[in-house]
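To keep things clear, I will list the structure first and then write my remarks on it.
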2 protein chains.
Amino acid sequence: MSMSENGRAGEHATMDDVARLAGVSLKSVSRVINAEPHVSARLREKVEAAISALNYVPDTAARSLAGSRTFIVGLLFDNPSPNYTMNIQKGVYEACRANQYHLRIDNVDSSAPRAEYEARLLGLVSNSRCDGFILTPPLTDDVVLLDFLDRSGIRYVRISPALQAQRSPSVCIDDAQAAASLARHLWELGHRKLAVVLGPERHLAAARRRDGFIAALAELGLPEPVREVPGNFSFEGGIRAGTELLQDGPRPTAIFATNDDSAAGVMAACAQAGLRVPADISVAGFDDSWIARSVWPYLTTVNQPIEEMGYAAASLLLRKGEPQNTPHLLDYSLVVRDSTAAPLRA
Amino acid sequence: MSMSENGRAGEHATMDDVARLAGVSLKSVSRVINAEPHVSARLREKVEAAISALNYVPDTAARSLAGSRTFIVGLLFDNPSPNYTMNIQKGVYEACRANQYHLRIDNVDSSAPRAEYEARLLGLVSNSRCDGFILTPPLTDDVVLLDFLDRSGIRYVRISPALQAQRSPSVCIDDAQAAASLARHLWELGHRKLAVVLGPERHLAAARRRDGFIAALAELGLPEPVREVPGNFSFEGGIRAGTELLQDGPRPTAIFATNDDSAAGVMAACAQAGLRVPADISVAGFDDSWIARSVWPYLTTVNQPIEEMGYAAASLLLRKGEPQNTPHLLDYSLVVRDSTAAPLRA
DNA sequence: CCGCCCCATGTCAACGCTGTCAAGAAAGCG
DNA sequence: CGCTTTCTTGACAGCGTTGACATGGGGCGG
């Protein structure tokens with residue numbers, strides 16, 4: 001109906017205009033906008049007509065000044081991997097938009113000195129006047145932050161928390177099961193000499209991936225132990241880990257890196273060592289991030305619905321009523337691409 | 001001085017509290033906060049002491065309701081490449097933070113039908129009540145949007161605009177010169193058979209890179225024409241372009257892809273064709289995005305200070321007084337890594 | 001048929017800050 | 001030394017919305 005006909009520069013209709021045009025009181029307009037009960041259908045219609053005729057959009061500043069809500073969701077990042085961050089952000093953004101909320105993004109840098117970092121983090125949270133926060137790893141497991149939020153009565157939803165899953169609403173996938181499905185995939189291809197590239201020590205989700213992977217193989221009856229080398233979720237770390245695995249000891253026929261960046265690094269190490277993926281060696285990652293399709297061959301990995309997780313987290317945060325503290329589990333899926341294949345017969 | 005001592009949940013000090021503690025009027029506090037003239041040093045000190053004692057932070061909602069500013073900068077994206085977007089965002093964010101501004105991010109999707117896209121874009125701009133906008137390509141060259149902003153008297157700064165450089169404040173690098181420096185690098189290594197992978201047709205910056213590259217070679221006296229194949233700034237596009245260049249006709253000894261993603265694709269195509277980079281063929285990109293260090297060998301490329309561009313753009317927007325419409329030029333730098341080397345003697 | 005309660009709607013004072021205007025103090029000038 | 005100008009400070013009314021409360025009409029039990 002309403003054309004993009006708002007006309008003159010900077011002239012915004014106010015609630016007053018709507019009320020006058022609809023012939024009702026200010027408060028009634030407010031009621032319609034906020035979907036409050038005790039509004040007759042007729043009144044609602046009149047108001048809605050006036051709103052769209054005037055192309056009225058409520059003024060957020062006035063709303064938050066008068067009311068108790070700010071209509072802002074805070075998204076907190078620390079040390080972002082660009083792809084992950086972008087995807088989360090996109091999902092959260094869409095959910096905010098659907099709920100007429102705005103998104104405020106803040107970065108903290110945990111590599112700063114702890115005291116400074118903490119001061120900044122708590123300052124950010126207490127001064128930004130958001131209606132709630134969405135936390136991503138590793139902030140999800142920062143006990144100081146969680147304590148502060150709880151103490152202040154600020155709502156928050158965590159994405160893929162590793163600690164105290166029952167402490168707050170959260171969304172995540174079953175990392176262990178997901179890694180297990182990858183383990184079965186490699187097993188079924190015929191791989192028996194396997195290795196894992198671990199994640200950062202404090203990243204507990206990475207540890208769960210490792211555990212799920214190894215447990216699944218044990219269950220399948222893998223004869224020999226899985227080799228494990230450290231990694232740090234980065235491409236360089238992947239190169240180092242891959243190099244280590246290829247140089248010393250018996251060479252694995254398949255390597256599972258606990259995220260895609262590491263896996264890409266492992267593939268680079270293989271190329272350096274003159275091995276062809278997947279003919280000579282299989283490599284698999286985890287996340288299905290953008291890099292999984294920016295390497296050749298395309299990476300076999302586990303897809304986490306990252307954007308969807310962001311969307312779900314924001315929806316959880318914005319939903320009225322008492323939040324559930326049980327984790328909201330989303331589906332992962334195994335994405336078989338070109339970096340895994342049956343091992344050559346020796 | 002001030003500890004993170006703001007104490008009880010949700011209790012924020014107001015200007016009233018500050019005024020009372022400092023023993024001055026409300027308005028005086030306001031003056032200090034807004035750095036208005038005509039404030040004695042003594043008064044300023046008293047107020048500042050009270051502010052930090054109370055850990056006072058002005059309420060943005062009230063400020064924007066009462067005043068004419070909203071303290072929000074809008075950052076508009078369309079079809080974001082994750083790395084580019086993240087870096088711009090980071091720079092803009094930091095500049096906002098330095099100026100006590102907040103950042104609002106909005107995405108539009110230009111692949112939607114034109115009418116819908118336009119309605120959304122203009123709605124976004126006119127309803128979001130930002131003090132100004134930062135535009136990134138390709139939004140920088142959307143004439144409908146620019147007209148609307150100008151007509152509405154809304155300030156904006158463009159990052160790397162391609163059209164009508166004098167129309168608004170903008171920040172950019174000299175794409176042609178940057179590509180030329182890459183051309184000279186390849187020339188000096190001894191390459192004489194060169195090829196370019198182009199960018200999306202409408203991306204004019206990509207065209208400028210191509211032009212600068214070719215012009216520099218012509219000036220150096222390159223005996224034969226540079227081969228050109230289409231690309232679309234994506235990894236897949238790079239693979240296709242690379243494959244095309246390697247299959248038909250005389251094989252180039254060096255390939256310049258007009259962005260890093262394409263370059264990574266070209267490298268993948270080389271690997272598929274059994275060629276080794278840089279021994280058999282050199283590859284160079286443009287952007288120095290994150291992918292340049294997520295491939296092996298690490299990519300030789302041109303560094304655009306993307307984050308800095310975001311920072312500069314926001315600073316320009318927030319600076320008081322009449323903005324300059326001459327482009328704000330930032331420095332690029334040639335980043336020589338491992339993907340380029342002297343060609344083998346035939 | 002009366003009184004009570006509930007539903008629909010309205011009135012009005014905040015919310016925390018800035019813009020306008022006024023007033024007092026200090027400084028400049030002849 | 002008195003008058004004007006300039007500098008410094010303050011009083012007060014909104015900004016556009018919501019929350020608390022008031023009001024009046026209709027349904028329902030007794």
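A, B, ... follow the sequence lines: proteins, then strands. Residue 1 opens every chain.
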- prompt: Could you give the distance from SG (A:Cys96) to CD (A:Gln89), rounded to the nearest 0.5 Å?
  reply: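 So the gap between those two atoms works out to 10.5 Å.
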task: To the nearest 0.5 Å, tell me how far B:Asn107 CG sits from B:Thr85 OG1.
output: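 Rounded to the nearest 0.5 Å, the CG-OG1 separation comes to 8.0 Å.
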Assign [X] to base, sugar-phosphate, or nothing according to its heavy-atom contacts below 4.0 angstrom with the strands shown.
{"X": "B:Pro58", "answer": "sugar-phosphate"}
{"X": "A:Phe71", "answer": "nothing"}
{"X": "A:Val29", "answer": "nothing"}

Counting side-chain heavy atoms from C-beta on, which of [options] comes nearest to [X]?
{"X": "A:Ala66", "options": "C:dA14, D:dG10, C:dT18", "value": "C:dA14"}
{"X": "A:Lys27", "options": "D:dT9, D:dG16, D:dA20", "value": "D:dA20"}
{"X": "A:Met15", "options": "D:dT17, D:dT9, D:dA11", "value": "D:dT17"}
{"X": "A:His38", "options": "C:dA8, D:dG16, D:dG10", "value": "C:dA8"}
{"X": "A:Leu43", "options": "C:dG10, D:dG10, D:dT18", "value": "C:dG10"}

Please tell me if [X] has a side-chain N or O lying less than 4.0 Å from either OP1 or OP2 of [N].
{"X": "B:Ser30", "N": "C:dT18", "answer": "yes"}
{"X": "A:Ser28", "N": "C:dT9", "answer": "no"}
{"X": "A:Ser40", "N": "C:dT9", "answer": "yes"}

For [X] and [N], what is the distance between atoms [atom1] and [atom2] respectively, to the nearest whole Å?
{"X": "B:Glu45", "N": "D:dT8", "atom1": "CD", "atom2": "P", "value": "15 Å"}
{"X": "B:Arg69", "N": "C:dC17", "atom1": "CZ", "atom2": "P", "value": "14 Å"}
{"X": "B:Asp59", "N": "D:dG16", "atom1": "CG", "atom2": "C1'", "value": "14 Å"}
{"X": "B:Arg44", "N": "D:dC7", "atom1": "CZ", "atom2": "P", "value": "15 Å"}

task: Output yes when B:Arg167 and B:Asp150 qualify as a salt bridge under the 4.0 Å nitrogen-oxygen rule, no when they do not.
output: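 Yes, charged N to carboxylate O under 4.0 Å.
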message: Looking at A:Arg97 and A:Glu94, is there a salt bridge between them, counting it only when a charged N and a carboxylate O are closer than 4.0 Å?
response: yes
field: Comparing A:Ser68 and B:Pro37 on DNA chain D - which has the more 5′ nearest nucleotide
entry: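 The residue whose closest nucleotide sits nearer the 5' end is B:Pro37.
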message: Distance to the ring centre below 6.0 angstrom and angle to the axis at most 45 degrees; does that hold for A:Arg63 and A:Phe71?
response: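 Yes, a cation-pi geometry.
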query: Side chain of B:Arg31, base of D:dG10: donor and acceptor closer than 3.5 Å?
result: yes
